[in-house]
Amino acid sequence: MTELPKAYDPAAVEPDLYEDWVAAGLFHAEPDGSHLAPHARGDGEPFAIVIPPPNVTGALHIGHALTNAIEDAMIRRARMQGKNAVWIPGMDHAGIATQNVVEKQLANEGLTRHDLGRDAFIERVWAWKEEYGGRILGQLRRLGSSLDWDREAFTFDEQRSRAVREVFVTLHEQGLMYRGNRLINWCPRCRTALSEIEVDHSDDRGELARFRYPYADTDPATSGADGEGGIEVATTRAETMLGDTAIAVHPDDERYADAIGREVRHPFQDRTFRVIADDYVDPEFGSGAVKITPAHDPNDHAIALRHDLEIIDIMADDATLTDVVGERFAGLDRFEARRQVKEELDALGLLLGVDDHEHAVGHCSRCGTVIEPRLSDQWFLEVRPLADKAAAAVRDGRTTLLPERFERSFLEWLDDLHDWCVSRQIWWGHRIPAWYCPDGHITVTREDAPTACTECGQGGLVQDEDVLDTWFSSQLWPFTVFGWEKPGDTTPELETWYPTAVLETGYDINTFWVSRMLMSGLWFLDEVPFRVIYNHGMVRDQYGKKMSKSFGNVIDPLEFIDAFGADALRFALFQHTSPGTDVPLAPEWVEGAKRFTNKLWNIVGFGLRVLDDTRPGDLPPRDALALEDRWILSTLERTRAQVEDAYATWDYARVSAALYHLAWDEIADWYLEAVKPRVYGDDPTAKATAQAVLARVLDDLLRLLHPMIPFVTEELWRALTGAAGGPESLMVASYPTGRPEDADADAEAGFAAIRDLVTEVRRFRSQNGVAPSARFPLTVSSSSRQVLEAHRTLVASLAGLSEVTFEDALTERAGTSTIVLDGGQAQVELAGLIDVDAELARIDKELGKAQGDLRGVDGKLGNANFVDKAPAEVVQQQRERKADLERSIEELSAQREALAAIDA
RNA sequence: GGGCGGUUAGCUCAGAUGGCGAGAGCGCCUCGUUUACACCGAGGAGGUCGGGGGUUCGAGCCCCUCACCGCCCACCA
């Protein structure tokens, strides 16, 4: 059989295997299942995942690595289980993000997008996309992602664009999509409206400026001076006072009972406004009087609507002040205006003080600029009916959120969701299918170029300049990727794979994306887009800190793949991955995972060396199997069940832990050692049996591990089975199902007895400085005598003994040392083996510990409550432990005496 | 201001429905070139399970409370 290189070299294996898989078409799926491997044909339960489409601007970062590793494991396992599994690749055009990147590039050339003009700019973005945009998809291949590349989609390609227009028009026809003049979040740098969730709030250190509005009926010459004849207000944004149109106080606030209805005079503008009463005002805060700026604050806007106040918009697109504020401040940037307004107020004697004030400030999630609430004409989607459907689907379990504890906040969010501002004042994105006639009537249509206004019939229509929020198209992803273009559409792909099996994504985009897919899927297809929402955590560094460019702790997954291989990176991620749990990642852990792949390499490498031409296949009859065979098969089956169980709770950390333990601690450390006497021995029957079992064990191990670490397992499996590659691949081999008949408690107990004895002998060596190579005889007395005696050769081989003999009871003799076993003891002839003084010291130490433990157990057993009320078996355990301790104390004391005698 | 998660060995984390005589990986110490692997093997040291109180025969696990840490949501000027 093939000899493997001594150490695993991922770089020499991974790229070729990936190409081989692609060439063999193993990633591709057909709705009718015609692609399925023979073992699965005729079954083929549909199992689809759509990739969370990465931004075209993106490069693979560690979060992508996590998402794609998990999804790949899901898909690969489903595929091996004979499901009709498909994983759809694609990218998101990522409106603002992409536009920003290209604008930055233009800025390097000293240009703005306006210098190019709309059409040229968009052309430029497409060119950029062609040149750099595909980068991340290539990087996904390095990870081993088994995406069906024949089905790649893009949120801004023609097919998806048709669906977007159709959805917009349909929603408009349904009366849910409307144009309105409302207060929205405006980013002055991106110069566009943003939705609520595109605004990040942070607690910033700011200020609270207090100043006084003089009453209109007081003398301007004196009213400013000293607190007389005015009303005190406070603000964190002093410049907004230029757009104030009222002062509000609480209706029950006695301090202001007389003030209500009075007029105040604007210090910088030739106008006055009233003091009004509104419940919104908190009398406890500040002076209890609030200045009202309807055009620039959501609460103020609401109050303005209730009281029919004048609304004055004081800002331009770039957050400089417009002429309406008056000559003194017009044209100033908002922050400069803030400073100067305070100055002028102070000059007039109206400023009462400026205090430090920490408060939540909204920032643009794309560029970090401070958001300006602003009144604006935008397109809105009335989300209530859609959100209600989505919430109902979560509540009745049509879709399940993992971890479950996320469900509550997800539902609360859906329950008080506000209308979605979908229009963006940028160029890169789906143009809004609305046209305006010269009279301002709106025509929303599926046509490319409508010629007549639907309201008044006149021509000269001009299309809305705006584009849609990028999430508007990605919300349709789970069905547009399967060919859906309009309500009622059906395709074989949709019929087979919609709803998808699971939507796997970080919890950070539940609101942006997941909720909206749920809403639109239910609205347009009347069916949830996915049965399960699996939320993975965020990848953090080894100190638990979020990875971000500004911290400089970002880890590039490609560097890990180069250094340790994709499998190592994947396995390291899996080892810490449970639903909703953040994943800390340190280089040493990837290194550790690499060691695991190397261990696996050597485990199978050993197999290849000793299997001769044995391939995995049927096993000899059970009664021909050795104890260690039955033990490992039982352990394998038990682990397989644990893995199954862990997968049922989507807990990859437990899956990887169970398989790591199986491979390293059970197979490598014990089974391979236990099997050596037979495979190196000259009993052909015993050898053949060992080989058959070993082949089976290695085969199953590789199958179980393949979804997580596809490359190394595939390479080894081909060597083990002689598979030629291409369609003969572990990728489409069957995933192990249960073999309940392999469960064998007797064999596990028997092997455990052997293991305990061997471990004790090794401990004896280590503690007494007896070389591992030293051979010596051992006499054993044990309750497990039967099984130990029957496997004396194995015991001798594993423990490095020259001879093992058995007696019913050992008698203490000078010059021997006793090894205490779980179910008995063993005796070593010490002559020439050990250092007596060291041994005495060791015994003293053990004696001390045993005596301490005994006191503990005695205390427990002396407690009447414990003895009476604890379950009998628990009490029994303690009694046994007490007996054990007493016995070992006795033995140790005897040994001590014997040794002391030799010493003397 | 709400909500959620966390606090277990030097580090990062496991520890279903309370029975633990508390585990793993890395790190640390001792020994080791046995024909799978030094990307290794054998053995070992190291924990008042954040503090306090409670329930229980028994609590790392349940209850109360306090203290930190992290995240999400939120219109208090």
Side-chain angles (χ1 to χ4, degrees), chain A residues 4 6-8 183 197 201 208 233-237 240 248 280-282 284-293 297-302 357 359-360 362 373 403 405-406 408-409 412-413 416 507-508 510-511 537-538 540 542-546 564 568 575-576 578 580-582 584-586 588-589 591-610 645 649 653-654 657 660-661 665 668-669 672-673 676 680 759 762-767 769-773 797 800 853 856-857 860 863-871 873-875 877-878 881 885:
Chain A
L4 295 175
K6 208 169 148 98
Y8 175 49
L183 209 66
I197 53 179
H201 292 272
L208 193 61
V233 294
T235 178
T236 55
R237 298 181 291 155
T240 60
Y280 159 75
V281 180
D282 174 7
E284 304 296 315
F285 188 91
S287 66
V290 187
K291 59 186 275 304
I292 302 299
T293 320
D297 182 278
N299 297 314
D300 294 7
H301 184 66
H357 184 66
H359 63 130
R405 66 185 145 83
F406 283 7
R408 180 171 158 185
S409 58
E412 281 174 2
W413 186 82
D416 48 45
Y507 55 72
D508 54 332
N510 279 357
T511 50
M538 300 294 112
R540 297 176 181 280
Q542 64 265 53
Y543 308 108
K545 248 192 140 81
K546 197 169 178 172
F564 305 115
Q575 285 182 293
H576 293 90
S578 305
T581 305
D582 288 349
L585 188 68
E588 306 84 71
W589 303 352
E591 211 179 324
K594 166 68 202 306
R595 284 202 287 268
F596 178 63
T597 59
N598 190 62
K599 188 72 178 181
L600 193 62
W601 184 264
N602 281 293
I603 289 171
V604 179
F606 166 80
L608 295 176
R609 230 167 287 192
V610 302
D645 197 52
T649 56
R654 273 172 57 208
Y660 182 99
H661 176 70
D665 302 336
D669 285 352
L672 296 193
E673 296 306 321
K676 279 177 184 175
Y680 288 144
T759 300
R762 287 173 178 168
R763 185 174 295 135
F764 168 81
R765 285 179 191 277
S766 175
Q767 286 175 349
V770 177
S773 52
S797 155
D853 288 354
V857 175
K860 209 167 192 182
N863 180 341
N865 271 329
F866 173 73
V867 178
D868 295 344
K869 300 189 187 170
E873 61 193 57
V874 174
V875 175
Q877 265 174 20
Q878 292 300 319
R881 175 154 160 71
L885 286 168

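Per chain, numbering begins at 1; letters A, B, ... match sequence-line order. Everything quoted here is computed from the prediction, not taken from an experiment.
Residues satisfying the salt bridge (Lys or Arg N to Asp or Glu O under 4.0 Å) criterion with A:Lys6, sequence neighbours excluded, are absent altogether. Under the rule for a salt bridge (Lys or Arg N to Asp or Glu O under 4.0 Å), the partners of A:Arg408 that lie at least two apart in sequence or sit in another chain are A:Glu412. Every ring pair (Phe, Tyr, Trp, His ring centres under 6.0 Å) that A:His359 has, sequence neighbours left out, goes to A:His357. With sequence neighbours excluded, no residue forms a salt bridge (Lys or Arg N to Asp or Glu O under 4.0 Å) with A:Asp665. In terms of the ring pair (Phe, Tyr, Trp, His ring centres under 6.0 Å) criterion, residue partners of A:Tyr660 (sequence neighbours excluded) are, by chain and number, A:Phe596, A:Trp664. By the salt bridge (Lys or Arg N to Asp or Glu O under 4.0 Å) test, A:Arg762 is found to be paired with no residue, residues two or more places apart in sequence or in another chain being considered. In this view, A:Ala657 satisfies the side-chain contact (heavy atoms from CB on, under 4.5 Å) rule with no residue, not counting sequence neighbours. Not counting sequence neighbours, the partners of A:His576 by the ring pair (Phe, Tyr, Trp, His ring centres under 6.0 Å) test are A:Trp589. Looking at residues two or more places apart in sequence or on another chain, you find a side-chain contact (heavy atoms from CB on, under 4.5 Å) between A:Ser797 and A:Pro677.
Applying the 90° cutoff around 0 to the glycosidic angle, B:A16 is assigned syn.
Rounded to a whole Å, the CG atom of A:Asn598 is 10 Å from the C1' atom of B:A36. Going from atom CG of A:Asp416 over to atom P of B:G3 covers 15 Å, rounded to whole Å. In this entry the distance linking CG of A:Asp665 with P of B:C40 reads 13 Å, nearest Å. The CZ atom of A:Arg540 sits 14 Å away from the P atom of B:G6 (whole-angstrom rounding). Taking atom CE of A:Met538 as the reference point, atom C1' of B:C4 lies 14 Å away to the nearest angstrom. Atom CG in A:Asp582 sits about 9 Å away from atom C1' in B:G5, given to the nearest Å. A straight line from NE2 of A:His661 to P of B:G25 spans 10 Å, rounded to a whole angstrom. A straight line from CG of A:Asn865 to C1' of B:U55 spans 14 Å, rounded to a whole angstrom.
For the atom pair CG of A:Asn299 and OH of A:Tyr280, the computed distance is 3.5 Å after rounding to the nearest 0.5 Å.
Nucleotides B:C61 and B:U8 place their P atoms 13 Å apart, quoted to the nearest Å. Comparing the P positions of B:A22 and B:A16 gives an interatomic distance of 16 Å, to the nearest angstrom. Comparing the C1' positions of B:C31 and B:G19 gives a spacing of 37 Å, expressed to the nearest Å. Between B:A9 and B:G70, the distance separating the two C1' atoms is 23 Å to the nearest Å. When the C1' atom is used for both B:A42 and B:U33, the distance is 14 Å, rounded to whole Å. B:G6 sits 16 Å from B:G51 when the C1' atoms are compared, rounded to a whole Å. Rounded to the nearest Å, the gap between the C1' atom of B:G10 and that of B:A45 is 12 Å. Atom name C1', nucleotides B:G15 and B:A24: the rounded distance is 10 Å, in whole Å.
Residue A:Leu183 comes nearest to A:His301 through the heavy atom pair CD2-CB, 4.0 Å, listed as atom of the first residue, atom of the second, then distance. Closest non-hydrogen pair, A:Thr597 versus A:Ala568, comes out as CG2-N, 4.4 Å.
A close approach under 4.0 Å does occur between a side-chain nitrogen or oxygen of A:Arg595 and OP1 or OP2 of B:C40. Close to B:C37, at under 4.0 Å from its OP1 or OP2, lies a side-chain N or O of A:Lys6. In this model, the phosphate group of B:C4 is approached by a side-chain N or O of A:Arg408 to a distance below 4.0 Å at OP1 or OP2. Between B:C37 and A:Lys594, no contact under 4.0 Å exists linking OP1 or OP2 to a side-chain N or O.
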Reading nucleotides 16-21 of chain B from 5' to 3' and marking B where a protein heavy atom lies under 4.0 Å of the base, S where only the sugar-phosphate is that close, and - otherwise, the string is ---B-B
Which nucleotides of nucleotides 72-77 of chain B have their base under 4.0 Å from a protein heavy atom (B), which only their sugar-phosphate (S), and which neither (-), written as one string 5' to 3'?
--BBBB
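Under the Watson-Crick or G-U wobble criterion, with both distances below 3.5 Å, B:C68 is paired with B:G6. Searching all strands for a Watson-Crick or G-U wobble partner of B:A24 with both distances below 3.5 Å returns B:U12. For B:G41, the paired base is B:C31 (Watson-Crick or G-U wobble, both distances below 3.5 Å). Summarising the base pairing, B:G18 is matched to no nucleotide, lacking a Watson-Crick or G-U wobble pair whose two defining distances lie under 3.5 Å. Under the Watson-Crick or G-U wobble criterion, with both distances below 3.5 Å, B:C61 is left unpaired in every strand shown.
Across the interface with RNA chain B, nearest-nucleotide mapping of A:Tyr660 and A:Ala771 shows A:Tyr660 to be the residue nearer the 5′ end. Across the interface with RNA chain B, nearest-nucleotide mapping of A:Thr597 and A:Arg654 shows A:Arg654 to be the residue nearer the 5′ end.
Contacts of A:Ala653 with the nucleic acid, taken as non-hydrogen atoms under 4.0 Å apart, are absent. A:Thr293 comes within 4.0 angstrom of no nucleic acid atom, judged by non-hydrogen atoms across all strands.
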Nucleotide N/O to protein N/O under 3.5 Å, stretch nucleotides 44-46 of chain B:
unit_1 : atom_1 : unit_2   : atom_2 : d
B:G44  : OP1    : A:Arg763 : NE     : 2.4
B:G44  : OP1    : A:Arg763 : NH2    : 3.0

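With respect to A:Lys594 and A:Glu591, no salt bridge is recorded, no charged nitrogen being found less than 4.0 Å from a carboxylate O.
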Can you list the steps and then say if A:Phe285 with A:Leu208 is a side chain to side chain contact (heavy atoms under 4.5 Å, CB included)?
CA-CA 12 Å; A:Phe285 188 91; A:Leu208 193 61; 4.1 Å; yes
